[in-house]
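Heavy atoms only: backbone and side chains are in, while hydrogens, waters and symmetry mates are out. Letters go in sequence order (proteins before strands), and every chain restarts at 1.
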There are 2 protein chains.
Amino acid sequence: MASLGDLERSVMDLLWDSAEPLTANDLRDALAARGTDAKELAVTTVLTVLARLEKKGLVARERSTRPHRYTASSSREDHTVGLLNDALGTAQDREAVLARFIGGISADEAVSLRAILDSVKTV
Amino acid sequence: MASLGDLERSVMDLLWDSAEPLTANDLRDALAARGTDAKELAVTTVLTVLARLEKKGLVARERSTRPHRYTASSSREDHTVGLLNDALGTAQDREAVLARFIGGISADEAVSLRAILDSVKTV
DNA sequence: CCGATATTTCTACATGACGTAAAAGTATTG
DNA sequence: CAATACTTTTACGTCATGTAGAAATATCGG
């Protein structure tokens, strides 16, 4: 899967958090508004990044409207799950990894994990 | 965390699978022996990669012995767990992600996951 | 319909990671 | 000490990414 650079990541975060599709200008403004990094990127920069994200399949664009409108192709969670599966690989040591991983999560998470597992199992 | 290139990954795999520390020459031979890629890398290539892996903290080297001997600093599983946590991030959507992730694992794995969870909970 | 303006596409460059290895330096050993 | 083994230094090509100017194209007010 495609890992993301810092800017790509920021753009995806904005798209994931937005209910509406966003334009390159929307994104540039939102990026400039973030934290202390009032960098004011050029719109072309944002467009380049969007094109790359589109090629990676992470973003869909509406070419029908004039300022093209961009949306995330899949949810943030689905994307993260993809990353998890990438990290886990097809290796045979999945269970060993999961065991260690679970050993490191919080008690709270252990509880909800269990709840999730229960609901899955019932299906 | 540091993600690995193809060669770096191959080297780590060999180190992870080896009980003994390995030398650059050991690794070069082992790499040449892998599958159909009888590339016969130069030893300096292997040494460069090892130096980079050392800088990344993934590999430790014994400088005392003359042909330096290299070992993986942490287990493959621990490394993978690190990747998992990187992928999950510190975000608040961990549970949503875990829910989706678990929804996608096999029944077998669900069972062992449950077993693992049980043992953890008892602690 | 036209010129001004907005938007997109094309092209470009710097940086850093990675694969790759020759050249040069240093240690070992007969 | 000379030959050999090993390590460090230096180097280059490629690719991903951040960044944006130039060029092309579409839109809009008049």
Notebook entry, point to check: Rounded to whole angstrom units, what separation is found between the CZ atom of B:Arg28 and the P atom of C:dG19?
Noted result: 18 Å
Notebook entry, point to check: When we call it a touch if two heavy atoms are under 4.0 Å apart, what does A:Lys56 touch: a base, just sugar-phosphate, or nothing?
Noted result: sugar-phosphate
Check: Does A:Ser18 reach the main-chain N or O of A:Pro21 with its side chain, forming a donor-acceptor pair under 3.5 Å?
Finding: no
Note to self: Using a 4.0 Å heavy-atom cut-off, does B:Ser3 contact any base of the nucleic acid, only the sugar-phosphate backbone, or nothing at all?
What the structure shows: sugar-phosphate
Notebook entry, point to check: In whole angstroms, how far is the C1' atom of C:dT9 from the NE2 atom of A:His68?
Noted result: 10 Å
Notebook entry, point to check: How would you label the contact of A:Leu7 with the nucleic acid (heavy atoms, under 4.0 Å): base, sugar-phosphate, or nothing?
Noted result: sugar-phosphate
Notebook entry, point to check: Can you tell me how far C1' of C:dC18 sits from CD of B:Glu8, to the nearest Å?
Noted result: 6 Å
Note to self: Expressed as a whole number of angstroms, how long is the span from A:Glu62:CD to C:dT7:P?
What the structure shows: 15 Å
Check: Quick one: on DNA chain D, does A:Thr45 or B:Leu47 contact a more 5' nucleotide (nearest heavy atom)?
Finding: B:Leu47
Item checked: Atom-pair distance (CD on B:Glu40; C1' on C:dG19), nearest Å -> 16 Å
Margin query: Looking only at the side chains, is there a donor atom on one of B:Asp26 and B:Thr23 sitting less than 3.5 Å from an acceptor on the other?
Written below: yes
Notebook entry, point to check: Roughly how many Å is it from CZ in B:Arg9 to P in C:dC18, rounded to a whole number?
Noted result: 14 Å
Item checked: Closest to side chain of B:Val49, choosing from C:dT26, C:dT20, C:dA23 -> C:dT20
Next item on the list: Give a yes or no answer on whether the side chain of B:Trp16 reaches the backbone of B:Ser74 with a donor-acceptor pair at less than 3.5 Å.
Entry: yes
Margin query: By the 4.0 Å heavy-atom rule, please label B:Arg61 as base, sugar-phosphate, or nothing.
Written below: sugar-phosphate
Note to self: Quick one: does any side-chain atom of A:Ser73 pair with a main-chain N or O of A:Gly57 as donor and acceptor, under 3.5 Å?
What the structure shows: yes
Next item on the list: Measure the shortest side-chain to side-chain distance between A:Leu98 and B:Phe101 over non-hydrogen atoms and say whether it is less than 4.5 angstrom.
Entry: yes
Note to self: Classify A:Thr48 by what it touches in the nucleic acid, base, sugar-phosphate, or nothing, heavy-atom distance under 4.0 Å.
What the structure shows: base
Next item on the list: Using the heavy-atom set of chain B and a strict 4.0 Å cut-off, write down the first and last nucleotide of DNA chain D that makes it in, 5' to 3'.
Entry: D:dC6 to D:dT8
Note to self: Using modelled atom types and a 3.5 Å cut-off, is there a donor and acceptor pairing between side-chain atoms of A:Thr48 and backbone atoms of A:Thr44?
What the structure shows: yes
Next item on the list: Using atom CG of B:Leu27 as one end and atom P of C:dT20 as the other, report the distance to the nearest whole Å.
Entry: 14 Å
Notebook entry, point to check: Does A:Ser64 or A:Gly5 map to a spot on DNA chain D nearer the 5' end, using the closest nucleotide for each?
Noted result: A:Gly5
Notebook entry, point to check: For the pair made of CG in B:Leu50 and C1' in C:dA21, what is the distance, rounded to whole Å?
Noted result: 15 Å
Item checked: B:Arg61 side chain to B:His68 side chain, donor-acceptor N/O pair below 3.5 angstrom -> yes
